[in-house]
Amino acid sequence: MKKLLLVFAVLQLTVALRAQQHETTRLIVRADDMGSSHSANQAIIKCYTEGIVTSGEVMVVTPWFPEAVRLLNENRALDVGLHLVLTSEWDNIKWRPLTHCPGLTDKNGYFFPMMWPNPNYPGQAVMENKWTLNEIEQEFRAQIELALINIPQITHISGHMGVTDFNPEVEALTNRLASEYNLIHVCGKNEESFGISGAGYNNSHTTSAEKESAFIGLVNTFEAGKMYMFLDHPAFDDSEMQAVHHIGYENVAADRQGVVDLFTSPKVKLLLQEKNIQLISYNDATRPLTRSNPDQEQFDTSAVDTYLEAVARNNQDLHSLMILRHGKVIAEHWAKGFSAYKNHVLHSVSKAFTSTAIGFAVAENRLRVTDKVISFFPDILPDTVSEWLAALDIRDLLTMTSGFDIKASDDIRNQPGNWEKLCLSVPITSKPGEKFIYNSMNTYLLSAILKKVTGQNPTDYLYPRLFRPLGIAGVVWEKNPEGIEKGGWGLHAKTEDLAKLGQFYLQRGKWEGKQLLPESWFDEATTASHKQAPQWVMPGTKAKDSDWMQGYGYQLWRCRHNAYRADGAYGQFIIVIPGKDAVIVTTANIAAMQDEINLIWEYLLPAFR
């Protein structure tokens, strides 16, 4: 009876989720003007961590930009937009352009205060002066490049006071720059093209109470299945903001405190939950994978239900499932308490991202897989460098054949200090390149080497090369005590991010017609270098029954059925099946991972026609 109830619950959930894909109302909550003041910086982060904000827009020409950089890099899951600036509206604080653009500045070199003619500021609007498109392009480029150097996770461009679309030529320029830098330009027209409707207060909104009431009234008008964007400008009512104003807008501090109160309102949060309104980011809205009907992609529609029934019968704690065929999402499922828009811990799936970063570094001639590991750490080598340590190369780390003693290596994870130095002091118990011993500290060393040669952690290094082109954003990677990303574990990302990486591998490094990473890398990375069983496989296990005995490439496992995968503890999988032109992704809390894969082979694999 218990199993029947579980099956019934899964079927109910599946139906609900399929309906939800078409009927759920989605909402982007945007907070503008980060960098303009300390007060705005702190308020926006509060509205994100304690409230409903999903996107923060940062200005780079402003005095508090350095603090904004630090805060945004401490809160990596927040979607970030670059708020391009051509105006400086406040009377008591001003900002200047990064480049020489006299057509956009006043006699003191500050941006003009207004975009459009304003009787309170005669002659001080951009539209009243002789700006040129060349000036705007050079200034926009400078702002974009400064922003991306400091905040690589930026996903989109927006315009302060409408500066990106006040003129058709300027709008076309902004669209071109956005495309060049793998960003999305979000303005009224572009948002509409993504199905995003702008939404504003539908009533008086002077006080905090009025803002809350007007926002609640607005939410109650939302239509099922539509996507909305609401923006405002949070800041605190403090002495800093009380000195900020311009003619015609003097109550700035109190007004913007009301926005903080709205965005952190328990009543508002409860309403959104009750109405099942899904908070999403701009990246979620503008960079999804293409969806398709399973039948159109030659996939048996009933297979997912049958698979989920089997998952329930076997008491497997599956958190999410996504299936791609021919590059399109044909099935997706999230269990209660999990979301398409929230990160999930990936455990050792993290290794596939580190390996991919190494691939880019090889393609850029920053290193070779034959480079000796000790060459990157000349100042922290043990007093005596053994013959085997001297022979150890990057390929040995990639293929888990370093020979490092596994217990001594694992102990490093819980120690302070320099992990690279500790790793290099671990005894090597077998000749590098000969014996497969799964060891996550090998991957940590790859992360440390990458930072040595690029000056960046894997996340920041991958943003311009992989993440922005694929539309992956908001990932969070845990770091060791010295600030190096752990490489072999600790990455948190969304299910669709994993699907994008799997599709990238299936397409052998090509994305939207561009070859981002040479095909030759995928030949190496997905080929089994060794077919030795890992240390946890029981003696006597037959290779035909085990997906851990098919071989190991560059941080990727070969599978049965001529497939390969990234996998992480407790059931995190990216399974790439070239023969079916398919990718299957799961997140879970399933200890018996072979049982999990067995159900995938039994119920999902035959569904591909």
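Side-chain contact, Gln594 with Asn598: a donor N or O sits under 3.5 Å from an acceptor N or O. Glu57 and His156 are linked by a side-chain donor-acceptor pair at a separation below 3.5 angstrom, with hydrogens and angles left out of the test. Of the N and O atoms on the side chains of Asn442 and Ser402, at least one donor lies less than 3.5 Å from an acceptor on the other residue. Checking Thr25 against Gln278 by side-chain atom types alone, no donor-acceptor pair falls below 3.5 Å. A side-chain donor from one of Asn73 and Gln153 sits under 3.5 Å from a side-chain acceptor of the other. For the 3.5 Å distance criterion, the side chains of Ser292 and Arg325 fail to qualify, holding no donor opposite an acceptor. For the 3.5 Å distance criterion, the side chains of Tyr48 and Ser55 fail to qualify, holding no donor opposite an acceptor. For the residue pair Lys351 / Ser440, a side-chain donor-acceptor distance below 3.5 Å is found, with atom types taken as modelled. A donor-acceptor pair shorter than 3.5 Å cannot be found between the side chains of Arg287 and Tyr282. For the 3.5 Å distance criterion, the side chains of Asp295 and Thr301 qualify, holding a donor opposite an acceptor. Side-chain contact, His344 with His492: no donor N or O sits under 3.5 Å from an acceptor N or O.
Residue Thr221 comes nearest to Leu218 through the heavy atom pair OG1-O, 2.5 Å, listed as atom of the first residue, atom of the second, then distance. Nearest heavy-atom pair, Val475 versus Asn343, reported as atom, atom and distance to 0.1 Å: CA-ND2, 4.1 Å. Minimum heavy-atom separation, Ser355 to Trp521: O-CZ2, 3.4 Å. When all heavy atoms of Lys451 and Gly483 are compared, the closest pair comes out as NZ-O, 3.5 Å. A pairwise comparison of heavy atoms in Leu506 and Ala582 identifies CD2-N, 3.7 Å as the closest pair. In terms of heavy atoms, Ala528 sits closest to Arg558 at CB-CG, 3.7 Å.
Partner of Glu485 under the side-chain contact (heavy atoms from CB on, under 4.5 Å) criterion, chosen from Val476, Asn480, Thr459, Asp460: Thr459. Among the candidates Thr155, Asn283, Thr54, the single residue satisfying the side-chain hydrogen bond (donor to acceptor under 3.5 Å, both in side chains) test with Asp79 is Thr155. Of the options Phe299, Tyr603, Trp601, a ring-ring contact (aromatic ring centres under 6.0 Å, His included) to Phe608 is made by Phe299 and by none of the others.
One finds a salt bridge joining Glu496 and Arg291 here, because a Lys/Arg side-chain nitrogen approaches an Asp/Glu carboxylate oxygen to under 4.0 Å. Salt-bridge formation is not detected for the pair Glu519/Lys510: no Lys NZ or Arg NE/NH1/NH2 atom is positioned less than 4.0 Å from an Asp or Glu carboxylate oxygen. Salt bridge status for Asp523 with Arg508: present, with a side-chain N to carboxylate O gap under 4.0 Å.
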Set out, in order, the CA-CA distance, both residues' side-chain angles and the distance that settles side-chain hydrogen bond (donor to acceptor under 3.5 Å, both in side chains) for Ser302 and Asp305, then state yes or no. CA-CA 6 Å; Ser302 66; Asp305 288 338; over 6 Å; no
May I have the step-by-step check of side-chain hydrogen bond (donor to acceptor under 3.5 Å, both in side chains) for Thr586 and Glu596, ending in yes or no? CA-CA 10 Å; Thr586 65; Glu596 181 184 359; 3.0 Å; yes
Any chance you could lay out the side-chain contact (heavy atoms from CB on, under 4.5 Å) test for Leu318 and Trp334, step after step, and finish with the verdict? CA-CA 8 Å; Leu318 183 71; Trp334 280 267; over 6 Å; no
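Taking 4.5 Å as the limit, some side-chain heavy atom of Phe215 sits within range of a side-chain heavy atom of Ile52. At a threshold of 4.5 Å between non-hydrogen side-chain atoms, the residues Leu498 and Phe573 do not count as touching. Using a 4.5 Å heavy-atom cutoff, the side chains of Lys531 and Met549 are not in contact. Between Val345 and Gln572, the closest side-chain pair of non-hydrogen atoms is not below 4.5 Å. The closest side-chain heavy-atom distance from Arg395 to Glu524 is below 4.5 Å. Between Tyr444 and Thr354 the shortest side-chain heavy-atom distance does not fall below 4.5 Å. In this structure, Ile449 and Ile394 have side chains that are in contact, with non-hydrogen atoms separated by less than 4.5 Å. Between Ile323 and Leu321 there is a side-chain heavy-atom pair separated by less than 4.5 Å.
Between Phe263 and Phe230, the ring planes are perpendicular. Angles over 60° get that label, and only those under 30° would be called parallel. Below 30°, between 30° and 60°, or above 60°: for Tyr438 and Tyr552 the angle between ring planes is above 60°, a perpendicular geometry.
Judged by a 6.0 Å distance limit and a 45° cone about the ring axis, Arg565 is positioned over the six-membered ring of Trp548.
For Trp557 and Tyr564, the distance between ring centers is not under 6.0 angstrom.
Around the NZ atom of Lys328, the shell of radius 6.0 Å holds no more than 12 heavy atoms that belong to other residues, nucleotides or ligands. In this structure, Glu74 places its CD atom where more than 12 heavy-atom neighbours from other residues, nucleotides or ligands lie under 6.0 Å away.
Atom CE in Met400 sits 11.0 Å away from atom CE in Met441 (nearest 0.5 Å).
For Tyr307, there are no ring-ring contact (aromatic ring centres under 6.0 Å, His included) partners at least two apart in sequence or on another chain.
Every pair passing ring pair (Phe, Tyr, Trp, His ring centres under 6.0 Å) that includes a residue from residues 465-485 is listed here, sequence neighbours excluded: Tyr463-Phe467.
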